[in-house]
Amino acid sequence: MITFLFIFSTISSCFNPIRSQSLHEAETILADLGSKILKAVEYQARKQASDEFYVLLNDLLSQPESFNYPFEQVKNLSRLQSGDKFVNVFTWLLPLAEPNMYEFYGILQVKDKKNRIYLYTLVDKASEIAQPEYTALQPARWYGALYYQIIDVKHGNQTYYTLLGYRPQGKATQRKIVDALVIKSPKNIQFGAQIFYIQDLADRRYLKKPFRLFYDYSANVSATLRYNEKEKMIIMDHLAPPDASKKGVYAVYGPDFSYDGLYWNKGHWHLKEQIKFDTGIKDEIPTVPPPVRRKF
């Protein structure tokens with residue numbers, strides 16, 4: 001830890017002049033570092049670029065004028081802003097020395113009603129979390145992912161920022177994640193919430209209400225998991241193995257040309273299976289949750 005802090009403090013000192021530069025000038029440096037993170041041949045070069053990238057980005061995000069800055073030049077960086085304009089989530093990944101393996105990084109930028117900015121470093125601890133489906137997590141113990149969509153949903157006075165993310169699982173399997181970000185106060189930040197009234201998803205059975213959902217499939221195929229604003233649903237390919245004997249072997253799962261959806265109702269995401277999908281979803285989104293086979 002002492003070595004880690006020393007390295008970051010050394011890098012930070014190198015970037016102190018950035019504060020006197022414009023966001024646009026600093027963005028150009030970020031874009032160059034981002035390219036090195038993805039393209040440098042040697043792992044150590046990629047890691048050094050990622051460390052410098054973090055220090056510079058963290059420095060920029062501490063400045064209030066950065067809150068609505070798009071960072072469009074920085075192609076390796078995912079920047080998501082919540083619909084209520086109070087939250088920005090920044091994530092990126094670092095290719096490791098082992099092929100098809102990655103480490104995930106993130107910074108959470110939160111603005112309160114008085115326009116004060118709070119920053120939280122997201123530390124990927126996925127490999128250390130025994131039961132991530134059933135565990136609430138904090139920024140320092142984060143189930144890392146490259147987030148690509150954020151959906152604001154509310155229940156009572158609480159907003160749940162639903163996050164859709166991607167996390168490759170090696171050369172055989174890839175994973176998409178439906179997670180939740182809950183901000184109760186600047187000192188009470190939580191990833192994961194029991195807002196999923198779902199017992200089975202893609203042959204994964206949840207024995208109690210999960211804090212997040214996993215959607216696993218073969219690394220050799222593509223599968224859709226994306227929120228559809230028009231239909232107010234998270235639409236996903238229905239995943240299945242090639243035959244019943246392979247049930248649960250996610251390295252062979254793929255889309256079967258049908259669709260499922262998650263819809264928000266009374267404080268929970270619910271699953272609707274076998275959606276008819278042509279040029280759009282034809283059936284009505286139910287106004288009440290469908291019957292469940294059993295209670296949690």
Side-chain angles (χ1 to χ4, degrees), residues 1-2 4-5 7-9 12 50-51 53-55 57-62 66-67 77-94 102-114 116-167 169 175-196 198 206 208-215 267-269:
M1 178 59 72
I2 293 172
F4 176 83
L5 292 174
I7 292 171
F8 267 20
S9 63
S12 182
S50 183
D51 290 346
F53 186 95
Y54 165 80
V55 172
L57 181 61
N58 189 72
D59 184 72
L60 292 173
L61 296 183
S62 68
S66 72
F67 196 84
L77 179 68
S78 169
R79 173 193 178 270
L80 301 177
Q81 186 171 80
S82 62
D84 61 14
K85 310 298 184 185
F86 284 112
V87 177
N88 289 327
V89 187
F90 297 84
T91 53
W92 69 98
L93 56 77
L94 168 67
Y102 303 88
E103 193 168 57
F104 294 82
Y105 294 83
I107 299 176
L108 181 65
Q109 189 183 40
V110 178
K111 181 172 67 174
D112 67 13
K113 293 182 179 179
K114 295 183 179 179
R116 293 174 296 198
I117 303 295
Y118 300 86
L119 294 183
Y120 307 86
T121 297
L122 308 183
V123 183
D124 183 12
K125 297 289 185 179
S127 63
E128 302 175 10
I129 304 168
Q131 291 187 306
E133 301 98 321
Y134 305 117
T135 307
L137 302 170
Q138 280 68 51
R141 189 168 177 255
W142 171 56
Y143 194 92
L146 187 68
Y147 295 131
Y148 59 89
Q149 202 166 18
I150 185 170
I151 309 122
D152 297 21
V153 289
K154 295 193 71 171
H155 183 62
N157 294 323
Q158 183 63 60
T159 299
Y160 297 93
Y161 302 102
T162 303
L163 293 162
L164 306 186
Y166 176 64
R167 184 183 178 95
Q169 297 292 98
R175 168 173 289 177
K176 290 186 177 178
I177 301 165
V178 186
D179 210 335
L181 170 64
V182 186
I183 301 174
K184 296 183 179 180
S185 74
K187 295 184 179 181
N188 190 347
I189 306 290
Q190 177 178 304
F191 283 90
Q194 290 181 304
I195 57 171
F196 304 100
I198 291 166
Y206 296 99
K208 55 186 177 181
K209 287 168 69 176
F211 283 78
R212 60 187 53 79
L213 303 175
F214 293 148
Y215 181 79
H268 289 88
W269 288 105

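Residue numbers start at 1 and run along the sequence shown. Quick caveat: nothing in here was measured; it's all calculated off a predicted structure. No hydrogens, no waters, no symmetry mates; every other heavy atom, side chains included, goes into these values.
Closest non-hydrogen pair, L163 versus L80, comes out as CD2-CD1, 4.5 Å. L213 and Y206 get closest at one heavy-atom pair: CA-OH, 3.5 Å. Taking every heavy atom of both residues into account, A193 and V182 meet most closely at CB-CG2, 3.8 Å. Closest heavy-atom contact between R141 and K125: CA-CG, 3.9 Å. A pairwise comparison of heavy atoms in V153 and T162 identifies CG2-OG1, 3.7 Å as the closest pair. For the pair Y166 and F104, the tightest heavy-atom approach, listed with the atom from each and the gap, is O-CE2, 3.7 Å.
Considering only heavy atoms from C-beta on, P186 stays 4.5 Å or farther from V110 through its side chain. Residues F196 and V178 form a side-chain contact, since some pair of their non-hydrogen atoms from C-beta on lies under 4.5 Å apart. In this structure, I107 and Y54 have side chains that are in contact, with non-hydrogen atoms separated by less than 4.5 Å. Put simply, the side chain of W92 reaches to within 4.5 Å of the side chain of L57, judged on heavy atoms. Side-chain contact between D152 and Y161 is present, with heavy atoms from C-beta onward closer than 4.5 Å. Side chains of Q109 and I117 form a contact here, defined as non-hydrogen atoms less than 4.5 Å apart. Contact annotation: the side chain of H268 never approaches that of H155 to less than 4.5 Å [non-hydrogen atoms, C-beta and beyond].
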Determine whether T135 and Y143 satisfy the following criterion, side-chain hydrogen bond (donor to acceptor under 3.5 Å, both in side chains), listing intermediate values before the conclusion. CA-CA 10 Å; T135 307; Y143 194 92; over 6 Å; no
Is there a side-chain contact (heavy atoms from CB on, under 4.5 Å) between T159 and I183 once you walk through the steps? CA-CA 8 Å; T159 299; I183 301 174; over 6 Å; no
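Note on ring orientation: taking the six-membered ring where Trp is involved, the planes of Y120 and Y118 are parallel (angle under 30°, cut-offs 30° and 60°). Between W142 and F191, the ring planes are tilted. Angles from 30° to 60° get that label.
Of the inter-residue distances, the one linking R212 atom CZ with E133 atom CD reads 8.5 Å to the nearest 0.5 angstrom. Between the CG atom in L137 and the CG atom in L181 there is a gap of 11.5 Å [rounded to 0.5 Å]. Note: N88 CG to S82 OG = 7.0 Å, rounded to the nearest 0.5 Å. Atom CZ of F53 sits about 4.5 Å away from atom CG of L77, to the nearest 0.5 Å. For the atom pair CD1 of I129 and CG of D124, the computed distance is 8.0 Å after rounding to the nearest 0.5 Å.
For the pair R167 and F214, the cation-pi test (distance below 6.0 Å, angle within 45°) is failed.
Q149 places no side-chain N or O within donor-acceptor distance of the main-chain N or O of L164, the cut-off being under 3.5 Å.
Side-chain contact annotation: E103 with Y105, donor-acceptor N/O pair under 3.5 Å present.
Annotation: salt bridge (charged side-chain N to carboxylate O under 4.0 Å, His left out) contacts of R79 (sequence neighbours excluded): none.
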